[in-house]
**Student:** 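My questions will all concern the structure given below.
Remember, it's a predicted structure, so these values are computed and weren't measured experimentally.
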Amino acid sequence: MNKTSKNIIKVIWAGVVILTNAFQVSAQQAGEVKDQEFVIRKDRVLTLPTQPRKFERTPVLPVPKSDGRFDYTVNPYFLSLAPEVMQPEAAQKQWPRKRQDLYPGFARLGFGNYSSPLFEGRFNNWEDGDYNYGVKVKHEGFYTGPVEGRNSAENFTDVGLNGTLFRDFFQVYGGVDYYRHKFNFYGYDFENPALENFIPNQNILNTFKLHAGIQDLDRMEGFNYDVNLGMRAFNDRYEAAETELALKIKSGFWFEDYLKTAIDLDLSLTRPRDEFYSDISRNYFKVNPYVAYQNEALKVRAGANVVFENDVTQNKTSDFQVFPQVIGEYMIQDEFGVYAGFEGDVHRKTYQDFVLENPFLGPSERLLNTIQNYEVKAGVKGVLNQELTYELGFGYGRFRNMHFFANSGIDSTRFNIFYDDDTRVLNYQAKVGWEYEGWYRLLAKANYFFYNTSTLEAAYQRPEWELSLNNNFILDEKWLIQFNANVMGGIVAGIFDPLRPEAELESTAFRSEVLPVIIDLQLKADYQINDQFSVFAVGNNLLNRKNQRFLNYPVRGIQGIVGLTYKFGY
């Protein structure tokens with residue numbers, strides 16, 4: 001061992017001795033260890049708080065990079081195929097319908113007093129998209145009546161067929177109808193002993209109609225049209241007959257949503273025949289060009305009625321006549337609006353029009369249209385609380401050749417047609433409609449007429465005032481009740497002395513008689529048993545009044561009918 005190594009060992013030992021002595025001195029300064037007592041408890045538990053563990057964050061991975069290329073080549077391939085043709089079609093929305101509305105047909109059977117059977121049947125095929133058609137037949141008879149049983153019987157029969165063919169922009173429609181009305185001329189004095197076994201004459205009115213037309217489907221845009229061609233043949237059991245060829249055209253063009261111009265045409269060629277005339281032609285042609293503007297509040301229509309008609313009358317200067325037409329309506333608010341109009345026209349009157357108004361006509365001597373020199377109308381209208389609708393107004397007009405009916409002094413069962421040269425008519429009218437919570441509906445109308453005649457003493461067989469009330473009660477899904485009242489008064493009947501020549505038609509040629517007020521109360525009830533079956537009951541003239549709409553012809557008293565309705569075809 002060299003000298004350097006020995007010196008290192010000496011230094012180490014010297015350091016150890018110094019540390020040992022320092023520890024002993026420190027122990028002696030803290031104090032001596034004394035006797036101690038230790039208690040060991042087994043039930044004591046040492047609980048340490050939970051120390052959350054720290055996790056190391058996930059290292060961020062390096063983003064991979066690629067040196068690959070994505071270039072590619074598109075090779076064209078040409079195929080000899082026709083392009084696909086797509087036909088746009090409107091979406092068909094299948095609206096849910098109630099089950100009872102799905103039955104296309106129904107049959108109704110009933111019977112009542114006055115030996116009154118009722119049969120009615122209808123069927124409408126509307127499921128096919130391109131066309132639909134309908135068939136109807138109805139027979140209602142009253143084989144006894146208010147005067148001498150069968151001597152005042154009557155019955156009605158209607159048969160019809162109609163159909164429509166739909167195309168993309170228009171529809172073609174048409175139909176054929178037959179009407180038959182059988183009745184007796186029972187307007188005689190049945191209390192007269194000389195007429196104890198009297199059998200009144202019987203008449204049958206037959207009407208055959210055929211019509212066809214074409215109409216565009218979009219009625220509120222661009223050009224629109226409706227062309228209707230009809231033929232009619234009418235005859236009775238005597239010598240009255242009439243044929244008619246009629247053409248009606250409605251055309252218009254909408255410049256925008258509010259402005260429209262239109263031209264309506266009405267052509268009627270009739271050939272009537274009766275006891276006092278035959279082989280005559282009554283021609284009527286009317287053109288009505290007009291311009292109309294409408295928006296939410298304002299409606300205005302201005303045009304003219306250009307008419308050609310060849311009736312032969314006294315003091316007639318020309319068959320060609322032109323009348324102005326101005327009609328306007330302005331709703332200031334939904335609750336209140338005003339309307340007014342001024343118009344002249346010629347009202348077409350055929351023999352069938354007269355006989356439908358009064359079926360007890362005798363042989364007619366001449367047929368004339370009614371000339372409306374002018375008529376002024378004005379009034380107010382509106383809707384209150386979205387439930388009550390009302391309309392109040394008046395009209396005043398001047399007419400030539402207005403028709404009236406009067407009895408023959410020789411035959412009390414027949415009526416003749418009389419015309420007044422210059423008639424002024426003042427009319428006040430009121431209409432009210434009310435719908436309450438969906439279960440009650442009311443429609444009321446009232447009219448008052450004041451006639452100022454020039455040739456005739458009175459407005460024979462025309463009412464001075466009329467009142468009608470229609471009440472509908474929908475109590476629940478099964479019950480429907482209707483209560484209606486029709487009241488009419490101020491009817492003046494005239495008895496004409498045919499021995500006087502027509503040129504001397506004065507008040508002394510007529511004997512006047514005021515008819516009693518007509519009051520007709522009607523009650524209808526319908527009860528739905530299920531979706532297909534329902535029962536009904538109808539009562540007419542519930543006050544059992546001997547109402548006379550025409551002199552010598554009292555109507556049936558209390559008349560009721562009950563029956564059953566069956567829906568089919570679902």
Side-chain angles (χ1 to χ4, degrees), residues 100 103-124 134-161 177-186 190 199-200 202-207 356 359-360 470-486 518-549 553-570:
Q100 59 265 29
Y103 295 101
F106 76 88
R108 178 174 294 143
L109 295 173
F111 192 82
N113 60 334
Y114 290 100
S115 301
S116 55
L118 169 65
F119 169 74
E120 183 178 5
R122 293 177 183 265
F123 182 81
N124 295 283
V135 181
K136 66 176 181 179
V137 58
K138 180 179 180 180
H139 176 78
E140 184 175 14
F142 302 93
Y143 292 96
T144 61
V147 177
E148 297 296 313
R150 292 185 175 274
N151 285 352
S152 55
E154 62 178 337
N155 61 76
F156 309 84
T157 302
D158 300 341
V159 180
L161 173 65
D177 296 279
Y178 172 71
Y179 307 100
R180 182 180 184 271
H181 180 193
K182 182 180 180 181
F183 61 95
N184 294 326
F185 291 99
Y186 65 92
F190 59 92
I199 299 177
Q202 189 180 85
N203 199 4
I204 299 177
L205 306 178
N206 297 287
T207 304
L356 290 178
F360 307 108
N470 299 317
N471 300 271
N472 291 344
F473 302 88
I474 306 175
L475 303 182
D476 53 33
E477 295 181 354
K478 294 183 177 295
W479 279 101
L480 173 62
I481 298 178
Q482 295 179 314
F483 177 73
N484 304 321
N486 296 287
I518 296 175
I519 303 177
D520 184 8
L521 300 184
Q522 181 186 74
L523 181 63
K524 296 182 180 180
D526 193 296
Y527 178 75
Q528 183 176 342
I529 301 174
N530 54 38
D531 288 342
Q532 293 185 266
F533 288 94
S534 63
V535 293
F536 66 90
V538 181
N540 297 309
N541 195 12
L542 299 180
L543 298 181
N544 197 29
R545 295 176 59 89
K546 294 183 179 181
N547 296 321
Q548 293 187 63
R549 177 60 182 86
Y553 283 91
V555 300
R556 291 177 292 271
I558 296 179
Q559 195 270 322
I561 184 171
V562 295
L564 175 71
T565 301
Y566 169 68
K567 298 178 182 179
F568 62 90
Y570 173 72

**Student:** Between Asp526 and Ser534 (side chain of the first, backbone of the second, donor and acceptor by atom type, cut-off under 3.5 Å), is there such a pair?
**Tutor:** no
**Student:** Over all heavy atoms of both residues, which pair between Ile519 and Asn547 is shortest? Give the atoms and the distance, please.
**Tutor:** O-ND2, 3.1 Å
**Student:** Only one of Arg180, His139, Lys182 forms a side chain to side chain donor-acceptor pair (under 3.5 Å) with Thr157, so which one is it?
**Tutor:** His139
**Student:** Would you say Tyr553 and Ser152 make side-chain contact, with heavy atoms under 4.5 Å?
**Tutor:** no
**Student:** Hey, does Val562 have a side-chain heavy atom less than 4.5 Å from the side chain of Val535?
**Tutor:** no
**Student:** Hey, does the side chain of Tyr114 reach the backbone of Pro146 with a donor-acceptor pair shorter than 3.5 angstrom?
**Tutor:** no
**Student:** Taking the ring centre of each residue, are Phe360 and Phe183 less than 6.0 Å apart?
**Tutor:** yes
**Student:** What closest approach, in Å, do Gln528 and Asp531 show between heavy atoms, and which atom pair accounts for it?
**Tutor:** NE2-CA, 3.8 Å
**Student:** Between Phe568 and Tyr103, does the ring centre distance come in under 6.0 Å?
**Tutor:** no
**Student:** Side chain of Asp520, backbone of Asn486: donor and acceptor closer than 3.5 Å?
**Tutor:** no
**Student:** When Tyr178 is tested against each of Thr207, Asn206, Asp158 for side chain to side chain donor-acceptor pair (under 3.5 Å), which residue passes?
**Tutor:** Asn206
**Student:** Could you tell me if the side chain of Phe536 sits less than 4.5 Å from the side chain of Leu480, heavy atoms only?
**Tutor:** no
**Student:** Mark yes or no for whether Asn184, through its side chain, and Arg150, through its backbone, hold a donor-acceptor pair below 3.5 Å.
**Tutor:** yes
**Student:** Counting N and O atoms only, with roles assigned by atom type, does the side chain of Asn113 sit under 3.5 Å from a partner on the main chain of Gly560, one being a donor and the other an acceptor?
**Tutor:** yes
